[in-house]
Structures are given as C-alpha cells and as structure tokens.
Amino acid sequence: MVRLYFKEPDGCFIYIGSTKNLKRRFSQHNSGEVESTKPYIPLKLKAYIAVENKTKAIELEMYLKSGSGRAFLHKRIL
C-alpha cells in the first residue's frame, strides 16, 4: 500500500505527499530533513488515504495538487 498524506503547517497551506512508510516520512518532515517543509515545523497530519499501488497513488497525488483536486480535498476530505 502507498499512502497519500496531507499535512498542515500552522494553517498556512496543505502539503500533499506520498510514501510507503508514513511513520518514517512524518518523522523526516518534523525533524527538518525535508527542505520544502523545514520552515514550517511542526506539521500536523490532517488525513491520509491508502492506495493499492504506486501508479494510482501518483495519479491521485497529481490530481489533488491541481485546482479542482484541492477544492475536492477541502470539501470532501479535510
């Protein structure tokens, strides 16, 4: 399973990513190992979605990063 995750640093934006090991990746974000989220520590995990395979996870991640995908995410998931 691949998990898409949604993190919110201090309410300023939603970070969307995917990983096979959510616990490890969340730890990397909050310890400052990820440059894109380092200035926003601490991050809160808002939700995650388990997807069967990496291909589907990437497709869903790309959609959720689009304008209509973000609208869907805020209206239906978060």
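Values in this document were obtained by computation on a predicted structure and should not be read as measured data.
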Q: Show the numbers, then the answer: is there a side chain to side chain contact (heavy atoms under 4.5 Å, CB included) between I41 and H29?
A: CA-CA 8 Å; I41 295 172; H29 280 286; over 6 Å; no
Q) Heavy-atom distance under 4.5 Å between the side chains of I49 and I77, does that happen here? A) yes
Q) Which atom names give the shortest non-hydrogen contact between R3 and K20, and what distance separates them? A) NH1-O, 3.8 Å
Q) Among all residues two or more places apart in sequence or in another chain, which pass the salt bridge (charged side-chain N to carboxylate O under 4.0 Å, His left out) test with K46? A) E8
Q | Between CG on residue L43 and CZ on residue F6, distance to nearest 0.5 Å | A | 14.5 Å
Q. With side chains defined as the heavy atoms from C-beta onward, is the minimum distance between Y15 and Y40 less than 4.5 Å?
A. no
Q: Mind checking side chain to side chain contact (heavy atoms under 4.5 Å, CB included) for F26 and listing every partner two or more places apart, or none if nothing turns up?
A: K7, N30, L45
Q. Taking only residues two or more places apart in sequence, or in another chain, which ones meet A71 in a side chain to side chain contact (heavy atoms under 4.5 Å, CB included)?
A. none
(Q) Using the ring-ring contact (aromatic ring centres under 6.0 Å, His included) criterion, which residues pair with Y48? Sequence neighbours excluded. (A) none
Q: Could I get the full list of side chain to side chain contact (heavy atoms under 4.5 Å, CB included) partners for Q28, not counting sequence neighbours?
A: R24, R25, E33, V34
Q. Would you say the side chain of I16 lies within less than 4.5 Å of the side chain of Y5, judging by non-hydrogen atoms?
A. no
(Q) I'd like to know if the side chain of S27 and the backbone of K23 have a donor-acceptor N/O pair within less than 3.5 Å. (A) no
Contacts table for residues 50-64: side-chain donor-acceptor under 3.5 angstrom, sequence neighbours left out:
from	atom 1	to	atom 2	distance (Å)
N53	OD1	T55	N	3.2
N53	OD1	K56	N	2.8
E61	OE1	S18	OG	2.9
E61	OE2	K65	NZ	2.9

